[in-house]
Amino acid sequence: MKYDYKELGLANTKEMFAKAYNEGYAVPALNFVTIEQLNGIVDAVIEAKSPVILLVSPNLHRQLGQEMTARLAQVAADRIKTSGLDIPIALHLDHGMSYEHCVEAIEGGFSSVMIDGSKLPFEENIALTRKVVEYAHARNVTVEAELGILKGKEEEGTEGTDESMYTDPAMAVEFIERSGCDSLAISIGTCHGLVKMVPNEDGSLPELRYDILEYISERKPGFPIVLHGCSNISPEYVEMINKHGGSIEKTAGIPDGQVHKASKLAVCKINIATDGWICGLANTRRILDEEPKAIDSRCFTLKIRPIMKELYLHKIEIMGSANRI
Ligand code: 13P
């Protein structure tokens with residue numbers, strides 16, 4: 001079945017980014033894998049009056065299927081409309097790995113797609129992005145591309161990389177001009193997954209490469225930059241997971257202050273996935289331990305939703321996107 005994103009009540013990211021760039025904030029791009037997360041996201045954006053981008057990974061898109069993905073986004077948009085607020089909400093395909101998958105997502109009601117050609121040689125990345133742009137723009141859908149490589153993997157079952165490769169800012173400018181993409185994800189020191197920053201010898205954390213952002217924005221003023229891999233990996237959730245039967249590594253995420261600083265520069269979209277996962281899972285493990293006699297999942301699902309809402313309100317605050325409608 002085909003869907004038109006406008007008929008689903010979803011927004012195009014172009015206007016969201018123009019406002020974010022001009023006013024110096026970033027739109028939170030929030031991944032979800034459960035209904036509690038999705039409801040927590042919508043609760044938070046209604047309370048904070050923040051624009052939002054729902055991030056759907058290729059794995060989740062496959063798992064839910066076209067129909068369910070489109071309808072969930074439509075319900076999220078309807079909940080916002082029913083609240084009486086005019087909050088823009090977009091449905092975005094995260095890390096689309098092929099032209100065909102981007103086409104499928106666009107036909108399935110996504111208002112924005114990412115084509116991730118970052119592992120391809122420069123010219124091939126441009127050619128693939130151009131092809132997706134031509135298809136998407138004819139349908140008023142926006143396209144995010146990626147240049148530079150982020151360490152880590154998106155989620156279990158996906159391919160990861162061991163090394164980061166900072167984006168070359170001059171190549172980014174050329175890429176923007178030649179590919180026709182609407183926004184560009186670049187690598188300035190953030191990483192996917194749990195393992196992000198390696199502390200310096202004195203224990204401090206390295207700073208993101210804001211100079212790369214500045215170089216691009218001086219030459220391409222108004223052009224929206226995207227940052228992936230911006231979770232904070234709060235020790236609170238890592239400890240909770242490990243205390244209640246899990247076994248994950250304690251690592252350093254991206255400090256909130258650095259995400260805040262980037263959001264005031266050319267960065268208009270900031271992706272968060274891992275923080276939502278570990279917050280939801282940590283609290284699920286905790287509640288299951290505390291309620292050994294429970295016989296259905298509502299013992300934790302009902303309690304998780306407000307916890308997720310608080311997490312996303314915090315993200316909105318860091319990115320400065322509250323009251324931007
Ligand atoms: P995190 O793993 O830091 O949450 O980043 C997610 C992401 O960039 C999804 O594209």
Side-chain angles (χ1 to χ4, degrees), residues 25-33 37 40-41 44 53 55 57 94-95 146 148-156 158 160-167 185-210 212-213 225-244 246-265 267 269-286 304 307-321:
Y25 65 93
V27 179
L30 305 173
N31 165 292
F32 70 94
V33 290
Q37 264 188 294
I41 291 170
I53 296 169
L55 278 189
S57 69
D94 201 18
H95 293 282
E146 179 162 351
I149 293 177
L150 264 66
K151 200 170 82 169
K153 39 179 192 190
E154 272 299 294
E155 51 186 5
E156 282 314 308
T158 60
T161 45
D162 292 336
E163 291 298 324
S164 283
M165 218 175 70
Y166 288 108
T167 304
I186 62 168
S187 176
I188 63 165
T190 61
C191 295
H192 288 126
L194 269 186
V195 181
K196 296 198 185 288
M197 288 191 157
V198 179
N200 298 316
E201 276 176 12
D202 64 0
S204 64
L205 290 176
E207 283 284 322
L208 297 177
R209 291 273 311 273
Y210 307 108
I212 299 178
L213 294 174
I225 297 296
V226 175
L227 288 189
H228 286 236
C230 286
S231 279
N232 175 269
I233 318 294
S234 160
E236 181 195 348
Y237 303 130
V238 175
E239 279 157 23
M240 202 184 288
I241 287 175
N242 291 341
K243 184 174 167 200
H244 296 281
S247 172
I248 64 170
E249 202 184 336
K250 193 170 170 186
T251 56
I254 311 300
D256 288 351
Q258 296 198 29
V259 174
H260 179 69
K261 184 165 173 186
S263 69
K264 291 169 93 90
L265 300 172
V267 174
K269 169 176 176 277
I270 295 183
N271 288 11
I272 301 289
T274 310
D275 277 350
W277 300 340
I278 61 172
C279 170
L281 189 70
N283 282 288
T284 303
R285 282 186 178 277
R286 175 183 60 76
I304 293 293
I307 295 172
M308 301 306 310
K309 174 182 150 185
E310 288 308 314
L311 173 80
Y312 294 122
L313 280 172
H314 181 59
K315 297 295 176 195
I316 288 168
E317 191 189 329
I318 297 165
M319 297 180 204
S321 66

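Bear in mind that the values here come from a model prediction, so they are computed numbers and not experimental data.
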Just wondering, do Val27 and Ser321 contact through their side chains at under 4.5 Å, heavy atoms? no
Looking at residues at least two apart in the chain, or sitting in another chain, which of them share a side chain to side chain contact (heavy atoms under 4.5 Å, CB included) with Ala282? Tyr237, Met240, Ile241
Min side-chain heavy-atom separation Met319-His260 under 4.5 Å: no
At their closest point, which heavy atom of Ala262 faces which heavy atom of Val267, and how far apart are they? O-CB, 3.3 Å
Quick one: side chain to side chain contact (heavy atoms under 4.5 Å, CB included) partners of Arg209, sequence neighbours excluded? Tyr166, Ile188, Asp211, Ile212
Can you tell if the side chain of Met308 reaches within under 4.5 Å of the side chain of Phe32, non-hydrogen atoms only? no
Flag, side chain of Ser187 to backbone of Gly148, donor-acceptor distance under 3.5 Å: no
Would Lys243 and Arg285 count as a side-chain contact (heavy atoms from CB on, under 4.5 Å) if you check the C-alpha gap in whole Å, the side-chain angles of each, and the deciding distance to 0.1 Å? CA-CA 9 Å; Lys243 184 174 167 200; Arg285 282 186 178 277; over 6 Å; no
Minimum side-chain heavy-atom gap Pro28-Ile53 below 4.5 Å: no
Test item: Asn271 and Leu55 side chains (from C-beta on) under 4.5 Å apart, heavy atoms: yes
Would you give the length of the straight line joining atom CG of Leu265 to atom CG of Leu213, rounded to the nearest 0.5 angstrom? 6.0 Å
Holding to side-chain hydrogen bond (donor to acceptor under 3.5 Å, both in side chains), I want the full list of residues that pass it with Asn242, two or more places apart in sequence or in another chain. none
Pair Lys269-Leu227, side-chain contact (heavy atoms from CB on, under 4.5 Å): steps then yes or no: CA-CA 6 Å; Lys269 169 176 176 277; Leu227 288 189; over 6 Å; no
Distance under 6.0 Å and angle within 45° of the ring axis: does Lys261 meet both against Tyr210? yes
List the steps, then state whether side-chain contact (heavy atoms from CB on, under 4.5 Å) holds for His95 with His192. CA-CA 12 Å; His95 293 282; His192 288 126; 3.4 Å; yes
Output all residues satisfying side chain to side chain contact (heavy atoms under 4.5 Å, CB included) with Glu317, sequence neighbours left out; order by chain, then residue number. His314
Heavy-atom pair with the smallest gap, counting every atom of Thr190 and Gly229: CB-O, 3.2 Å
Look up atom CD in Glu146 and atom CD1 in Ile186, then write down how far apart they are to the nearest 0.5 Å. 10.0 Å
Point-to-point distance, once rounded to the nearest 0.5 Å, from SG of Cys230 to CD1 of Ile272: 5.5 Å
Ser204 side chain to Asn200 backbone, donor-acceptor under 3.5 Å: no
Going by the rule side-chain hydrogen bond (donor to acceptor under 3.5 Å, both in side chains), which residues pair with Ser247 if we only count those two or more places apart in sequence or in a different chain? none
side-chain hydrogen bond (donor to acceptor under 3.5 Å, both in side chains) against Arg286, all qualifying residues, sequence neighbours excluded: Asn283, Glu290
Answer with yes or no whether the side chains of Asn232 and Ser234 bring together a donor and an acceptor at under 3.5 Å. no
Could you check if a side-chain atom of His228 sits within less than 4.5 angstrom of a side-chain atom of Asp94, using non-hydrogen atoms only? yes
How long is the straight-line distance from OH of Tyr312 back to CG of Asp275, given to the nearest 0.5 Å? 8.5 Å
Can you find a pair of side-chain heavy atoms, one from Ile233 and one from Thr274, that are under 4.5 Å apart? yes
Taking atom OG of Ser231 and atom CG of Asn31, what is their separation to the nearest 0.5 Å? 9.0 Å
Show your reasoning for whether side-chain contact (heavy atoms from CB on, under 4.5 Å) applies to Leu208 and Met197. CA-CA 10 Å; Leu208 297 177; Met197 288 191 157; 3.8 Å; yes
Can you give me every donor-acceptor pair (side chain of residues 248-255, partner residue at least two apart or in another chain, under 3.5 Å) with its distance?
unit_1 : atom_1 : unit_2 : atom_2 : d
Thr251 : OG1    : Leu194 : O      : 2.6

Glu310: what forms a side-chain hydrogen bond (donor to acceptor under 3.5 Å, both in side chains) with it, not counting sequence neighbours? none
